[in-house]
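Here is how names work: the chains are called A, B, and so on, in the same order as the sequence lines, proteins then strands, and each is numbered from 1. Not measured: the values here are computed from a predicted model.
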Amino acid sequence: MYEFLTNLIGNEVLAWIIIAALPLFVVILPYALVAIWLERKVSAHMQDRLGPMITGWHGWLQSFADVLKLLQKEDLVPAEADKKLFNIAPALVFTASYAAFAVIPFSSGFIGSGAEIGIFFILAVSSFAVAGILMGGWASNNKYSLIGAMRAVAQIISYEIPTALVVLSMVMITGTLSLEKISAMQTGYFWNWFIFGGPEWGLTKFLLIPFMLVGFLILYMSTLAEVNRTPFDIPEAESELVGGYHTEYSGMKFAMFFLAEYANMFAVSAIVSIIFFGGYQSPVGYLGDLFGVSWLIPFEQLFWFVAKGLFFVFVQMWLRWTLPRLRVDQLMNLCWKYLIPYSIANLIIIGLISLI
Amino acid sequence: MNLYDLIFYLFAAVTLLSAAVVVSSKNIIYSAFSLVLTFFGVAGLYILLGADFIGVVQILVYVGGIMILLLFGVMLTNKITSVDIRTGTVNVLPSAIAIGVFMGLVTSIMIWTKWVSLPTETPLTTTNELGKLLITEYVLIFELLAILLLVALIGAASIARRDKE
């Protein structure tokens with residue numbers, strides 16, 4: 001991709017800039033528009049309603065109408081707020097969630113950066129989002145914002161531990177931190193995915209399956225908590241905190257928080273699908289191989305990657321409209337008394353199995 | 001000046017400017033957030049030197065961990081109890097002397113050391129080599145640090161629980 005662009009434009013700096021900007025315009029923004037519409041339709045149908053029906057076919061233009069509305073809104077800054085930090089916070093939160101896309105391989109032909117430290121980089125930059133949320137919550141000078149921000153920080157910091165432990169156990173098996181290599185390992189058919197014990201045949205593959213399942217459940221739950229989705233959405237619990245850390249934000253600044261949330265949802269779904277479900281690998285082989293057209297394969301891979309990502313985003317929405325919200329103490333109990341001990345045990349067992 | 005020089009000066013400027021804000025700002029919250037930026041700049045410099053793992057660890061440990069703890073402390077004192085905490089300037093003379101001596105020491109070390117620069121290839125990744133070194137050559141230091149951290153963890157938990165009895 002990069003060589004292709006360098007040849008096309010003849011300037012490596014410009015090629016880098018295009019590579020860096022591409023995920024935003026090609027993936028995140030259209031995805032966010034679709035996902036916001038999807039969330040409304042999913043929630044509506046789960047509650048036996050219709051949802052938006054007026055704008056376009058089954059209301060598919062509703063998100064565009066929302067964007068137009070948000071663009072026209074007055075930019076309100078509370079008089080008592082800390083104006084500098086209040087304005088920086090949404091940008092910081094969005095930057096953090098956008099930075100994670102740099103190392104996510106969308107297909108074998110397109111990855112922002114093939115850096116070796118891939119997954120570790122994502123774990124690190126996600127901590128900037130915490131700083132942004134805390135900044136916004138504090139600068140708003142509103143008790144609901146501050147409580148929401150404090151809860152968000154406590155929750156995200158706590159749930160980073162089980163996430164990191166599950167990722168560590170997978171790094172032990174794969175021997176690499178690069179998401180590109182982890183995806184490339186699971187090539188072939190769906191039984192080569194790590195949820196089914198990985199690409200190597202033998203006793204270890206079948207021994208690994210139950211622990212992979214446990215690892216997947218822990219990773220999915222803890223990443224769900226890290227992006228503040230129900231049942232772990234106490235930082236923005238509407239019934240308790242008005243809007244949580246973004247209560248005071250309006251117009252485009254609110255839209256940036258919103259966009260960051262949806263971008264994060266896709267990012268964590270992508271990570272789960274890369275680590276356990278083969279990333280961009282097709283479950284049933286490629287049409288490009290069948291017909292001998294090799295340029296088709298990266299596009300097919302992009303299709304499978306987006307399909308898997310969107311499936312897990314859909315599961316997140318499904319959970320949101322099915323499960324009730326946890327209390328703060330239940331949330332911390334779940335993390336510290338169940339997820340972390342289980343993930344440590346899982347880490348040790350997977351380590352022992354991989355020694356066989 | 002090539003692109004890498006430009007990126008280096010960018011990160012160096014970020015580090016220095018934000019560090020200046022950290023020490024000069026009257027508002028302790030601004031100082032704390034500028035410290036995040038300082039650590040970010042230093043991490044950028046590490047990565048520019050080819051130490052990708054160290055750079056990311058820098059972000060993960062300092063920005064993620066210490067900053068959040070610092071901010072918790074700051075918020076609990078500053079905004080919620082509405083006690084106005086301002087950072088002032090005290091003990092100007094002793095600190096000026098100490099800083100002067102320290103700067104002199106660092107500069108003299110910098111000048112008198114015979115720096116060896118070997119034209120080696122930039123390694124693609126440092127993670128594997130670091131891991132190997134940590135559990136072979138530096139295994140004693142590694143284990144001692146692990147025990148130290150465990151002691152700190154247990155100590156913190158036992159201090160936090162003492163009041164209840």
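Neither the backbone nor the side chain of I88(A) comes within less than 4.5 Å of any heavy atom of chain B.
Rounded to the nearest 0.5 angstrom, I117(A) CD1 and F53(B) CZ are separated by 8.5 Å. Within the model, atoms CZ of F33(B) and CG of L92(A) stand 8.5 Å from one another, a figure rounded to the nearest 0.5 Å. Of the inter-residue distances, the one linking I59(B) atom CD1 with F121(A) atom CZ reads 6.5 Å to the nearest 0.5 angstrom.
The environment of Y144(A) atom OH is sparse: at most 12 non-hydrogen atoms of other residues, nucleotides or ligands sit within 6.0 angstrom. The 12-atom threshold is exceeded at CZ of F86(A), counting heavy atoms of other residues, nucleotides or ligands nearer than 6.0 Å. Applying the 6.0 Å contact sphere to CZ of F40(B) captures no more than 12 heavy atoms from other residues, nucleotides or ligands. Under a cut-off of 6.0 angstrom, the local environment of NZ in K83(A) is crowded, with over 12 non-hydrogen atoms contributed by other residues, nucleotides or ligands.
Nearest heavy-atom pair, L60(B) versus A124(A), reported as atom, atom and distance to 0.1 Å: CD1-CA, 3.5 Å.
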